[in-house]
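Following: one structure in structure tokens, then a few remarks.
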Amino acid sequence: MRVQQRAADAFTEETLDPGNWREALALSRQIVEDAVAYLRDVRDRPVWRQMSPEVRACFLTPLPRAPQPLADIYGTITETVMQYPMGNIHPRFWSWYMGTSNFTGALGEFLAAIQGSNVGGGDHAAALMDQQVVNWCKEMIGFPDSASGTLVSGGSMANLICLTVARNEKSGVDVREHGLGALRKPLRFYGSDQIHGCHRKAMEALGLGNCALRRIPTDRELRIDIGALRSAIAEDRAAGFQPACIIASAGTVNTGAIDDLVATGALAAEEDLWLHVDGCIGALLAIAPENAYRVAGIERAHSVALDPHKWLHAPFEAGCALVRDASAHRKTFSATHEYLATTARGLASAPWLHEYGLQTSRGFKALKIWMSLKEHGIEKFGRLIDQNIAQARYLAELIEAEPVLELAAPTNINIVCFRYRRHDFDRAALKSVNSEIMLRLQEEGIAALSDTTVHSEHCLRVAINNHRTRRGDLELLLKAVVRLGDDIVRGSRALPQA
Ligand SMILES: *Cc1c(COP(=O)(O)O)cnc(C)c1O
């Protein structure tokens, strides 16, 4: 025994653990203190700032070979990374569509990394919490207990997971074993012309190709035209295709339009198709007392993709795929590996959670969601959703009252499409003025919004998925838009006419 002990001491084994835990603790306290101040004062900083060449150069330094004190590294981070965020935690960030994160969620991320579990499977607390959060997501949208689900990186992955199950279930052959070559007829999927871009990528990755996703025209409210959908399905059957799946959008990314989930569900049932709901924006309306009615019928879909990093404000990333038929879900992704056998007792005695998706190793995403849901309760999250929708309505009213602004699409939930308008400007001139307004708002750090084209009309787009936005922020935005628009127009008129 003594001999062995001496032999072990002869090795100088290394570790990544801190050399001095007291110093590590002191620096950690400093980091937490700074983090609290950073969030507390977010409103006082610009939404976004251009990085200087010097700052950019910090990200071109060579691969570090020698060690460096952690305190110095943290110093660099505070001056670079923390000073130049994307801006989406700011109260006046309304670009594209994303959530605003939250402090408790950030603590959850930290603790999840400290605890460090891999949620690919195994019998441990993180795995149980992962399933509990999936169960809560099911409950939020009214899915049955028997449904299954998995937490993934975001909505794009959640949609891909669900569409893979739909493809396999509706192909009529063993696609997993034999591939698409075994299909008797080419499959067809259907979505509106407002469908999110991730579905195209999914169709391509699934080997079906972009053309297999038919884009169906939308009505004035930007919802899928049910009559046109019905005709497209009939046309495809007659032409020898196999209609497989309707992808209904519960909240489109352009305008927040919600396809008629009851009608698409009825049509899917009539035609024996899979109904998938892309609920990345709108599935969680189901928890908002004033707006839940908009997604009535979502609970009858075969699968739903939703995004906790949007209206639950989980720090990136967190998406969730839900599948009504748990066995169809598992059948799509289960695989037995000799190195991942289940045992009767011990660490490997629980179901393998990697059998519900594409990843093997999985991060502990559940903790950040779990902690903030526990802290605030689901009713508050529902009220915050209602609050964003009421704010969007308020913004739309302000726009309607302002002569140089006009709405460019109906405001349905929390997305407002509008533009600065001069009656003597043609479409191209309006597009360039509005694009310039958008860029100056960003460059001046006032607000971040994005632009889009709806039914061929270019417009600015404000997506309020933000628990920090106040009405005053929206008033400030419109004042700035009018000021910048007027400046730009004045500038262009001062130029000699070409
Ligand atoms: C955000 C969004 C997605 C993609 O989700 P990510 O989390 O960004 O991957 C898909 N569909 C809709 C309608 C979305 O709003």
Side-chain angles (χ1 to χ4, degrees), residues 86 88 93-101 105 133 137 141 149-164 166 189-206 213 215-216 218 221-224 245-261 264 275-286 294-295 298 301 303-322 357-359 363 365 368-369 385 388-389 392 409 412-417 449-450 452 454 461-466:
M86 183 182 218
N88 53 291
F93 184 97
W94 306 297
S95 287
W96 309 299
Y97 203 99
M98 46 188 91
T100 325
S101 196
V133 169
C137 289
I141 67 157
T150 185
L151 296 179
V152 291
S153 55
S156 303
M157 187 54 72
N159 279 308
L160 175 62
I161 297 294
C162 295
L163 297 184
T164 309
F189 285 51
Y190 305 85
S192 87
D193 59 19
Q194 300 294 306
I195 200 166
H196 191 275
C198 71
H199 295 283
R200 174 187 177 138
K201 288 197 205 172
M203 297 305 285
E204 293 170 3
L206 289 173
L213 174 57
R215 275 76 165 180
I216 307 299
T218 42
E221 301 286 320
L222 288 307
R223 294 170 307 202
I224 196 164
C245 173
I246 299 171
I247 304 169
S249 297
T252 60
V253 70
N254 266 338
T255 67
I258 298 169
D259 291 338
D260 184 335
L261 301 182
T264 46
L275 177 70
H276 171 65
V277 175
D278 179 350
C280 289
I281 290 177
L284 290 167
L285 287 169
R294 297 176 188 274
V295 289
I298 196 170
S303 57
V304 175
L306 60 90
D307 238 353
H309 62 206
K310 288 176 177 168
W311 253 331
L312 294 183
H313 301 289
F316 293 117
E317 308 159 334
C320 181
L322 298 176
L358 293 163
Q359 294 174 250
K365 295 180 191 306
K368 59 191 173 190
I369 305 171
I385 292 170
N388 280 165
I389 293 172
N412 172 35
I413 43 174
N414 59 334
I415 301 177
V416 181
C417 292
L449 38 73
S450 53
T452 190
V454 181
R461 176 179 164 287
V462 175
I464 314 174
N465 193 288
N466 192 321

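We count ligands from 1, going down the list as the structure has it; atoms in each ligand are counted the same way. In what follows, every heavy atom counts, from backbone to side chain, and hydrogens, waters and symmetry copies are set aside.
- When the options N159, D278, L160, I195 are ranked by their closest heavy atom to atom 13 (C) of ligand 1, first place goes to D278.
- Heavy atoms of S249 come nearer than 4.0 angstrom to ligand 1 in no pair at all.
- Residue G251 approaches ligand 1 through these ligand atoms, each under 4.0 Å from one of its heavy atoms: 13 (C).
- Taking every heavy atom of G154 and a limit of under 4.0 angstrom, the matching atoms of ligand 1 come to 7 (O), 9 (O).
- Distance from atom 6 (P) of ligand 1 to its nearest protein heavy atom, with residue and atom name: G155 N, 3.3 Å.
- Inclusion of H309 in the set of residues having an N or O under 3.5 Å from an N or O of ligand 1 is warranted.
- Between T100 and F93, every side-chain heavy-atom pair lies at or beyond the 4.5 Å cut-off.
- Atoms of ligand 1 lying under 4.0 Å from at least one heavy atom of D307, given by number and element, are 1 (C), 5 (O), 6 (P), 7 (O).
- Contact of the L285 side chain with the I389 side chain is registered, since non-hydrogen atoms from C-beta on lie closer than 4.5 Å.
- The closest donor-acceptor contact from the side chain of K368 to the backbone of E317 lies under 3.5 Å.
- Not a single heavy atom of G319 sits closer than 4.0 Å to an atom of ligand 1.
- Counting heavy atoms from C-beta on, the side chains of T255 and R461 never come closer than 4.5 Å.
- Side-chain atoms of N414 never come within 3.5 Å of backbone atoms of A392 as a donor-acceptor pair (strictly under, hydrogens ignored).
- Which parts of ligand 1 touch C198 is read off a 4.0 Å heavy-atom cut-off, strictly below it: atoms 10 (C).
- Contact annotation: for S156 versus ligand 1, heavy atoms closer than 4.0 Å belong to both the backbone and the side chain.
- Side-chain contact between D278 and I195 is absent, with no heavy-atom pair separated by less than 4.5 Å.
- Here the side chains of C245 and L163 are in contact, with some heavy-atom distance below 4.5 Å.
- At a threshold of 4.5 Å between non-hydrogen side-chain atoms, the residues I141 and L306 count as touching.
- Here's the thing with C280: none of its N/O atoms is less than 3.5 angstrom from an N/O atom of ligand 1.
- Under the 4.5 Å side-chain criterion, counting only non-hydrogen atoms from C-beta, N88 is in contact with F316.
- Given atom 14 (C) of ligand 1, the protein heavy atom at minimum distance is K310 NZ, 2.9 Å.
- Numbered from 1 in the order shown, with element, the atoms of ligand 1 that lie under 4.0 Å from a heavy atom of I281 read 15 (O).
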